[in-house]
Structure formats: structure tokens, C-alpha cells
Amino acid sequence: MTDSEIEITAELVHDLLKDQHPDLAGLPIREVAGGWGNQMWRLGDELAVRMPRMEGAPDLLRKECRWLPVLAPRLPLPVPTPVRIGEPSARFPRPWSIMAWVRGEPLDYASISRGDHAADTLAGFLRALHVEAPAEAPASSDRGAHPKECTGGFEKFLQAIAPGGFAADVRAVWDVWDDAVAAPEWEGPPVWLHGDLHPANVVVSDGTLSGVIDFDAMFAGDPAWDLAAAWVLLPASAVSRFFEVYAHADEATIRRARGLAAMKSLFLILMGQNGEQGLPGGKPTWGPAGRAALDRVLTSSLSCPSPA
């Protein structure tokens with residue numbers, strides 16, 4: 001999961017700042033727990049340093065730095081806009097970035113208590129984000145396809161979860177997936193997507209969503225991939241409200257989104273299981289979030305609104 005040959009320490013981050021951005025080198029540095037492809041360091045009160053630690057992470061970082069300044073001005077929630085770029089060097093052979101710090105606590109360590117407000121906030125954010133993307137917008141190599149193209153991954157996640165890893169009936173989970181597979185494909189133009197909305201990639205304050213982070217998966221495609229977040233992030237009572245406020249999702253899109261939410265829930269459960277077992281890349285806090293999300297997928301009642 002990571003490149004063990006590169007040890008990223010506070011001393012290394014300080015030295016890189018001193019070499020390339022000396023005006024920031026005097027700010028206090030402290031490591032931020034979490035992260036997957038990047039290791040995060042808080043820099044003072046307003047900034048963060050993102051250090052890629054996986055082989056493909058530098059390309060994703062450059063994608064963020066290219067497109068986030070384009071998207072951020074129209075988004076109604078704070079996002080980690082790039083402030084500076086660090087270039088590869090003898091000390092660290094990959095590009096790195098300095099981003100604006102987004103205040104709040106990641107949802108996998110917190111909870112949403114103001115469900116309606118969070119639903120309105122998420123719907124407003126995605127309505128602002130989901131506009132037609134330009135021809136040069138990035139595509140995705142590992143997500144974005146119709147659910148029928150993802151059945152192998154869905155089944156792999158389901159089979160990898162230990163018996164008793166979740167309380168739901170396996171047949172019920174398959175029924176949701178099969179319905180998504182049977183739904184018509186997206187016929188609209190590719191729209192901008194965050195691409196990886198799950199509890200570790202949003203932050204909350206005062207019981208509601210207050211920011212969205214980690215855009216390195218962003219791409220243009222079917223909005224169902226982001227709309228799955230209604231079940232993955234929100235309380236069950238807020239799912240219908242989200243789709244009412246979003247207002248642009250037809251029945252087929254909601255069916256695809258629900259299936260994708262089931263797959264994302266299984267992935268969270270699997271990563272939680274790996275974390276409990278101490279495996280590389282495992283995230284213990286993701287297991288409870290995934291089980292709660294899967295329960296919402298299976299039990300939340302939802303009447304499909306007519307698209308605006």
C-alpha cells in the first residue's frame with residue numbers, strides 16, 4: 001500500500017519547506033492521522049502539507065492542483081485548495097503540495113446530528129459540483145463505470161468480508177446490486193464528480209457537514225457515483241430529503257447510486273476488518289461506518305422524485 005523506502009518525518013517536511021518555501025518553514029508542523037495515498041501534516045493553523053506515499057499518488061496530486069482551483073470558487077463548502085507546489089528533489093523524489101486546511105472532524109470519527117441540514121448541505125454541494133465537465137476533464141481508470149461492469153469487484157468485497165461481518169441478509173444485498181445492474185445507463189453528459197465520497201473524506205462541525213476533502217479521485221462521469229453518498233454519509237431519515245433537494249436524479253440514477261452505495265459500504269466494512277486485523281491499509285474506524293451505511297441502503301425508504 002505504501003513505499004516503505006521513503007520515510008516521511010516532520011524533519012523531512014521541515015527541510016523541504018526550508019529548501020523550497022522558506023517563508024513557511026517557521027510554522028509548526030504536526031502529523032495528521034489517517035490518509036491513504038498521501039501522508040498529511042498540519043502546517044500552522046491554516047495550511048496542510050500533502051506528501052504522496054503511494055506510487056500513483058503524485059499524478060493524482062497534480063490532478064488536484066490542476067482542477068481544484070477551477071472548481072473551488074463555485075462550491076458552497078470549504079475544500080482543500082492548493083496554495084503551493086513542492087517539486088521533486090534529492091530529498092523527496094515526488095511532487096508534494098501545500099493545501100488550505102479544511103476545519104472540522106472527519107465523519108469516521110464523528111457523527112451527524114443535524115440530518116436535514118446535512119442533507120441540504122450535501123445536495124447543494126453536489127448540485128454545484130455536478131455541471132458538465134470540459135472535454136479535457138480527467139477520466140477514471142478504476143471507477144465511473146455502470147454497475148454492470150463492477151459486479152466482479154462487488155462480489156470480491158462481499159466474499160472477502162468475514163462471516164458475521166455485517167448483520168444484513170446477503171440475498172438482500174445482492175437484490176440491491178442486481179437492481180442497480182438492471183438500471184439504464186447514464187445518458188447525460190459527463191459531469192464533474194468528487195469520485196470518492198465516504199466518511200473519511202468529509203468533515204463535520206456542529207453536527208453537520210462543514211467541508212469536503214481529498215479530491216484526488218475526481219473525474220467526469222455518471223453522477224450516481226457521487227449520489228451514493230446519500231446513504232454512505234447521511235442519517236437514514238435524511239436520504240429522501242437529500243434527493244428532493246438535489247432534484248436532478250431520475251429513477252435510474254437513484255437505482256445505480258443505491259447499488260454503488262452498497263458496494264462502497266462493503267468496501268468500508270472490508271477496510272475496517274483489515275484494520276482490526278492489523279493489515280496494511282486497514283482502517284478500524286471504517287468498519288462501523290460501512291455497516292451503518294449498508295443498513296441504510298437496505299432499510300431507507302425512498303420515493304424517486306421527478307428530475308427538475
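Computed from heavy atoms alone, side chains included, the values below leave out hydrogens, waters and symmetry copies.
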Quick check: do [X] and [Y] have side-chain heavy atoms less than 4.5 Å from each other?
X: Trp177; Y: Arg258; answer: no
X: Leu43; Y: Leu17; answer: yes
X: Arg256; Y: Glu251; answer: no
X: Thr81; Y: Pro69; answer: no
X: Trp96; Y: Leu16; answer: yes

Main-chain N/O of [Y] paired with [X] side-chain donor or acceptor, under 3.5 Å:
X: Arg74; Y: Ala128; answer: yes
X: Lys148; Y: Val181; answer: no
X: Glu64; Y: Asp214; answer: no
X: Arg143; Y: Trp225; answer: no

> When rounded to the nearest 0.5 angstrom, what is the spacing between CE in Met271 and CG in Asn274?
Replying inline: 4.5 Å

Establish, yes or no, whether a centroid distance under 6.0 Å links the rings of [X] and [Y].
X: Trp67; Y: Phe215; value: no
X: His194; Y: Phe125; value: no
X: Trp286; Y: His198; value: yes

> Which of parallel (below 30°), tilted (30 to 60°) and perpendicular (above 60°) describes Phe157 and Phe267?
Replying inline: tilted

>> Once you measure the plane-to-plane angle for Phe242 and Tyr246, does it fall in the parallel (<30°), tilted (30-60°) or perpendicular (>60°) bin?
In response: parallel

>> Can you tell me which residue among Val297, Asp178, Leu298 is in a side chain to side chain contact (heavy atoms under 4.5 Å, CB included) with Val173?
In response: Leu298

>> Checking Asp295 against Arg291 for the salt bridge (charged side-chain N to carboxylate O under 4.0 Å, His left out) test, could you report, in this order, the C-alpha distance in whole Å, the side-chain angles of both residues, the deciding distance, and whether it holds?
In response: CA-CA 6 Å; Asp295 183 65; Arg291 287 188 285 273; over 6 Å; no

> Take atom CG in Asp23; do more than 12 heavy atoms of anything else shown fall under 6.0 Å from it?
Replying inline: yes

